[in-house]
2 protein chains.
Amino acid sequence: MAVTIKDVAKVANVAPSTVSRVIANSPRISEKTKERVREVMDQLGYHPNFIARSLASQSTRAIGLVMPSSTDVVFQNPFFPTVLTGLSEGAHSKQYALHMTTGKTEDEIFDGVVAMVQGGRVDGVVLLYSKVEDRVIAYLKERNFPFVVIGKPFKDDENTSYVDNDNFKAGKEVTEHLIQLGHDRIAFIGGNLDLVVTVERLLGYEKALRNSGIHLEDNYIVNDEFLRESGQDAVEVLLSLDQPPTAMVVADDLMALGVLNKLDEMGIAVPQDVSIVSFNNVLIAEMARPPLTSVDINIFDLGYQAAKSLIQIIENPNEPIKRIIVPFKIVTRYSCGHPKDYKEVLV
Amino acid sequence: MAVTIKDVAKVANVAPSTVSRVIANSPRISEKTKERVREVMDQLGYHPNFIARSLASQSTRAIGLVMPSSTDVVFQNPFFPTVLTGLSEGAHSKQYALHMTTGKTEDEIFDGVVAMVQGGRVDGVVLLYSKVEDRVIAYLKERNFPFVVIGKPFKDDENTSYVDNDNFKAGKEVTEHLIQLGHDRIAFIGGNLDLVVTVERLLGYEKALRNSGIHLEDNYIVNDEFLRESGQDAVEVLLSLDQPPTAMVVADDLMALGVLNKLDEMGIAVPQDVSIVSFNNVLIAEMARPPLTSVDINIFDLGYQAAKSLIQIIENPNEPIKRIIVPFKIVTRYSCGHPKDYKEVLV
DNA sequence: TTGTATGCGTTATCAC
DNA sequence: GTGATAACGCATACAA
């Protein structure tokens with residue numbers, strides 16, 4: 001049996017409550033006793049029992065992570081290890097532990113969250129995805145349980161805490177980048193429209209085109225699953241158009257990799273024949289051939305901020321709603337160029 | 001305040017202990033009371049409090065996951081989301097929850113584990129990495145705390161439970177594959193030699209060469225960090241040799257991607273000029289150009305088996321040491337061919 | 001400044 | 001079959 005507060009108390013010749021106070025570093029204990037008690041703790045190898053502490057204090061110092069469906073290909077995205085790192089660091093800095101829940105189906109995930117929350121395993125929850133209609137969010141709200149979502153919630157975003165990039169702006173700027181290079185036949189290859197990110201980026205793309213007076217070609221917009229095969233299908237469809245696009249905005253690096261492959265297979269050169277920009281700037285963006293111009297959305301920070309603000313919400317009951325926008329940065333590499341018919345205009 | 005066992009007891013007109021027995025589905029309770037109590041639980045929306053239960057029963061039904069250093073590039077590997085999925089499924093199937101700990105330095109990780117273990121947050125631990133010298137393992141062993149490691153422990157592997165592939169055999173077979181294609185100038189690009197996998201694969205590679213009477217060229221073996229830049233450096237070194245290799249065994253898909261890029265940059269064609277095989281068979285192996293022949297090590301199963309066997313160990317105090325070998329499979333794609341000077345021999 | 005007593009929500013050991 | 005009651009290890013209100 002592990003050494004408890006009582007054992008320490010006995011050896012140090014004080015009451016258990018005193019030991020407890022020493023642990024909490026209560027100012028009402030004399031330095032002298034503190035020291036003595038601490039010595040005994042060391043000597044006995046005492047470690048506080050989190051479970052007992054949680055029960056007594058009604059707080060676990062643990063935050064729950066809700067992952068997207070594990071069957072979802074999205075889960076394979078290097079995005080996750082990176083947010084995890086940020087989350088972990090943010091939690092760690094405030095001495096919080098991480099608890100996880102996944103599931104294959106939406107129901108499994110939901111049940112997992114309920115068990116975690118009602119079971120009192122965690123003090124708050126962060127959602128690692130942001131879907132269009134979400135039972136989990138509804139549930140959390142109804143119970144008034146602390147949570148923050150990574151990504152922008154689909155509805156009622158004024159009343160829910162989240163940390164996100166300005167994906168609309170990112171979509172817009174990235175498209176403008178292409179326009180400045182001389183492109184006006186720009187396609188958008190997005191992922192699942194259930195995901196809020198996708199639609200935000202799409203909207204930004206459309207805005208940029210409209211701002212520049214470029215016609216919005218419906219055929220230029222392809223939304224499919226977030227991953228590879230679809231990226232490849234999309235390319236085929238796009239290039240068989242009468243007026244194929246000369247540039248593509250792709251909603252995710254991994255998907256862009258698929259696009260790149262398909263293009264290569266079809267004998268189309270990047271960036272000579274078509275330019276590509278994508279999002280997230282995970283490792284593979286840098287490792288692709290050619291290295292991809294990609295939007296660095298600061299994934300680590302997304303996680304870090306999420307943890308930090310959740311903890312604030314937990315510890316301060318009437319903390320106001322937090323909406324944190326993490327800045328992004330377009331990282332220019334070698335996947336973009338001028339369209340073929342582009343003539344540099346000297347002013 | 002949440003509804004407790006007492007509330008249920010009151011409404012159902014039974015003692016709290018009875019409710020507890022109903023939850024545990026004790027056979028000593030009549031079906032009739034069980035039903036009534038269950039009805040009340042539903043009606044009141046009762047959910048058991050895990051914390052209280054843990055304290056009373058001295059078991060948390062949670063398993064701790066120890067990640068490698070989050071600063072380590074290894075962490076970026078898609079390997080992790082996949083093991084996580086397996087782990088999660090294995091744990092879930094036995095109603096276990098997942099607890100996580102990461103850290104930047106080895107010390108942070110170690111402290112995290114200690115807190116988790118001594119703090120009684122978890123009933124067992126699985127290590128998601130396997131390093132050459134590891135304090136964590138030493139600590140767990142000394143305390144006789146249930147754990148299993150994913151990957152082969154460096155030392156004392158007869159006395160520690162683990163789940164792993166036969167990486168020696170995999171390294172050997174993959175090399176033999178190359179030999180059969182006619183190669184005899186085969187290089188090995190490995191990762192950090194601190195990682196046990198790397199050395200196992202290397203050993204297998206060497207064995208295959210020796211078996212075939214091929215000279216072991218020291219210059220053909222490059223070990224560096226697990227990731228890209230190094231993969232690229234390695235390639236440069238290898239190809240500047242007098243007798244450059246015609247084939248390469250690369251210890252990881254991600255690294256192979258780097259190799260592929262470097263090769264492309266140097267104008268060397270795969271598989272025409274040099275053949276490549278790699279390990280892990282993550283998504284990018286399939287998405288690389290050309291798609292990589294890679295060893296599918298069944299990452300999901302690695303996680304799944306680890307969870308399952310840890311739980312067995314937890315629940316059965318004198319369960320013997322478990323050593324589980326998950327089978328692998330070479331997935332042949334388009335990165336391997338005959339060496340240029342190869343003449344098909346008709347028998 | 002320190003000690004005593006009680007409770008946190010369960011499970012488990014006795015009784016009956 | 002079911003009901004009291006004592007742990008589990010700690011925090012905290014109240015005493016002293």
Just verifying a value: how many Å separate [X] [atom1] and [Y] [atom2], rounded to the nearest 0.5 Å?
X: A:Glu142; Y: A:Leu140; atom1: CD; atom2: CG; value: 10.0 Å
X: B:Lys34; Y: B:Ile23; atom1: NZ; atom2: CD1; value: 12.0 Å
X: B:Phe80; Y: B:Tyr129; atom1: CZ; atom2: OH; value: 10.5 Å

[X] has an atom [atom1]; how far is it from atom [atom2] of [N], in whole Å?
X: A:Phe50; N: D:dA11; atom1: CZ; atom2: P; answer: 11 Å
X: B:Gln118; N: D:dG9; atom1: CD; atom2: P; answer: 14 Å
X: B:Leu55; N: D:dA11; atom1: CG; atom2: P; answer: 12 Å
X: A:Asn49; N: D:dA7; atom1: CG; atom2: C1'; answer: 14 Å
X: B:Ile29; N: C:dT11; atom1: CD1; atom2: C1'; answer: 13 Å
X: A:Ile51; N: D:dG9; atom1: CD1; atom2: C1'; answer: 11 Å
X: A:Asn13; N: C:dT2; atom1: CG; atom2: P; answer: 13 Å
X: B:Ile5; N: D:dG3; atom1: CD1; atom2: P; answer: 13 Å

Partners of B:Asn316 by side-chain hydrogen bond (donor to acceptor under 3.5 Å, both in side chains), sequence neighbours excluded?
-> B:Glu319
Under 4.0 Å from OP1 or OP2 of [N]: is there any side-chain N or O of [X] that close?
X: B:Thr18; N: D:dT2; value: no
X: A:Thr4; N: D:dC8; value: no
X: A:Arg53; N: D:dA11; value: yes
X: B:Gln58; N: D:dA7; value: no
X: B:Thr33; N: D:dT2; value: yes

Position toward the 5' end of DNA chain D (nearest nucleotide), B:Ser30 or A:Tyr46 = B:Ser30
Hey, which of these two, A:Pro48 or B:Lys34, hits DNA chain D nearer its 5' end, going by closest nucleotide?
-> B:Lys34
Which residues in residues 36-45 of chain B have at least one heavy atom lying under 4.0 Å from any atom of DNA chain D?
-> none
Decide yes or no for A:Asp134 and A:Leu127: does some side-chain heavy atom of the first lie under 4.5 Å from some side-chain heavy atom of the second?
-> yes
Check: A:Ser54/A:Thr60 side-chain N/O donor and acceptor closer than 3.5 Å = no
At 4.0 Å (heavy atoms only), tell me whether [X] reaches a base, stays on the sugar-phosphate, or touches nothing.
X: A:Val14; answer: sugar-phosphate
X: B:Ser54; answer: nothing
X: A:Asp7; answer: nothing

Polar atom pairs (N or O), protein with nucleotides 12-16 of chain C, under 3.5 Å:
residue, atom, partner, partner atom, Å
C:dT13, O4, B:Arg21, NH2, 3.1

B:Ile23, nearest nucleotide to its side chain (from C:dT2, C:dT11, C:dC8) | C:dT11
B:Asp107 and B:Arg135: CA distance, side-chain angles, deciding distance, salt bridge (Lys or Arg N to Asp or Glu O under 4.0 Å) verdict = CA-CA 9 Å; B:Asp107 283 350; B:Arg135 288 169 67 195; 2.7 Å; yes
Partner residues of A:Asp301 under the salt bridge (Lys or Arg N to Asp or Glu O under 4.0 Å) criterion, sequence neighbours left out | none
Residue pairs passing the salt bridge (charged side-chain N to carboxylate O under 4.0 Å, His left out) test with at least one member in residues 36-51 of chain A, sequence neighbours excluded, are none
Where at least one partner belongs to residues 82-102 of chain B, residue pairs that pass salt bridge (charged side-chain N to carboxylate O under 4.0 Å, His left out), sequence neighbours excluded | A:Lys104-B:Glu89
